[in-house]
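Residue numbers start from 1 in every chain, and the chains themselves are labelled A, B, ... in the order their sequence lines are given, proteins ahead of strands. Below, each value reflects all heavy atoms present in this structure, side chains not excepted, and no hydrogens, waters or symmetry copies.
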2 protein chains.
Amino acid sequence: MTPETIAAELRRELQAGILRPGADLSQVQLAERFGVSRIPIRDALRILAGEGLVAIEVNRGARAISLTPGEVREIYDLRILLECDCLRRAVPAISPANLREIERVRLKSDLDAGGPGWAEGDWAFHRAIYQLAVRPRQLAMIEALRRTCLLFVSAYSSMPAKKPRWLDDHRMILQQLRRGDAEHAVLALQRHLEGAARHLLQRMTGSRSKS
Amino acid sequence: MTPETIAAELRRELQAGILRPGADLSQVQLAERFGVSRIPIRDALRILAGEGLVAIEVNRGARAISLTPGEVREIYDLRILLECDCLRRAVPAISPANLREIERVRLKSDLDAGGPGWAEGDWAFHRAIYQLAVRPRQLAMIEALRRTCLLFVSAYSSMPAKKPRWLDDHRMILQQLRRGDAEHAVLALQRHLEGAARHLLQRMTGSRSKS
DNA sequence: AGCGCCCAACATGTATACAGGTATACACCA
DNA sequence: TGGTGTATACCTGTATACATGTTGGGCGCT
């Protein structure tokens, strides 16, 4: 039970919506639960704070972050900026073998769609493309933003409904990549992300109970 | 001596080049130096790790990050992407009063130029513009990337020489803002950052002694 | 009855002590 | 002489104990 292990478990629960936005993360409770002292728990919370998933207030403990609609909008704008740039840089590096690999990942994510692992499959598809740009820091930043969004996607359990449309978006992006048309691929990706942003924001502003 | 205070001091020393890239940050040494136990030191190091300024390896302690030229190139590309976007979003929100304030900050940074506070003055100018876009997370990301660069700028103490040209760049950007010409302002900013990137990379690849 | 203060219970922050891992230096062997 | 194994010293990781700060409730006052 290292801090990294604990952080990974908490991250999973945050992303799965088990720990809701704003939830208190008591050191003593977590220490009992994981069967360790509070020290590794503190380390784990610091790790998550560094990733932006929890907020630590001095003498007042940690809690899962809670975002306003405005912050969600900003995060999706940042994702559009960073992901489109990453895609644009990836296009020239794509080989036929890469295309086959991306198609393979896409098919696999089709199968996961609707299930609890849909988010991993979706990310696997995007990552398969992005990593061809060879921008490790940019990829890490995208992943961090993505995780932050996922916190709220799960909390509002809004995504399964829109699944088919997303899978179509993926098909469309891949099609443009096959044609080597970077700008149309970027446009397709932008629409893909913009759609997700609008959908989540609608859900958030619709049910005001938690924000 | 809270973890935040300690982290701030270490951050200052990292940015000032007192702690060189790759330098070992021993918990016991820091604990003695700050007159506290290792626990708050660990917290401080975790904070800095979250900001990407130090790297923590399990059972092997923390050290100041060390970047390859390729990573520096990527970071500057990210800065160009994020800062230009921020500037573009800020332009429509600029009022005459804002322009006067930016000019005031610019003049102040002129005076600091060459001294040890030049980095703060430079950042104050950029921030005065960026904050008008009202993108707190984006601004935080830019600041984090900027800090990472600064680590190496200080380590290679390469910037004072180029100072006058940068001040001209600032003048040029402000001039375009006065004309309300977003695209030319963005171009000027892009050239400004690109120049800084090239200059730092030249110094890094030139003196291979430390990397 | 409403408001404010005080105290007690609890949570977090920090120090000390101990356990476990890593690295270096030295001795031994090929 | 070079390489390897081991032992030792140092450093980090964790648990326990104590200090400090926060919060909620009860009591007294207005």
Quiz item: What does nucleotides 7-20 of chain D look like as a protein-contact string, B for base, S for sugar-phosphate only, - for none, at under 4.0 angstrom between heavy atoms?
Solution: -----BBBBB----
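Defined by atom type and a distance below 3.5 Å, a donor-acceptor pair is missing between the side-chain atoms of B:Asp110 and B:His170.
A distance of 10.5 Å separates NE2 in B:His192 from SG in B:Cys84, rounded to the nearest 0.5 Å.
Under the rule for a salt bridge (Lys or Arg N to Asp or Glu O under 4.0 Å), the partners of A:Glu101 that lie at least two apart in sequence or sit in another chain are A:Arg104. A:Glu143 pairs by the salt bridge (Lys or Arg N to Asp or Glu O under 4.0 Å) definition with nothing, not counting sequence neighbours.
More than 12 heavy atoms of other residues, nucleotides or ligands shown are found within 6.0 angstrom of CZ on A:Arg171.
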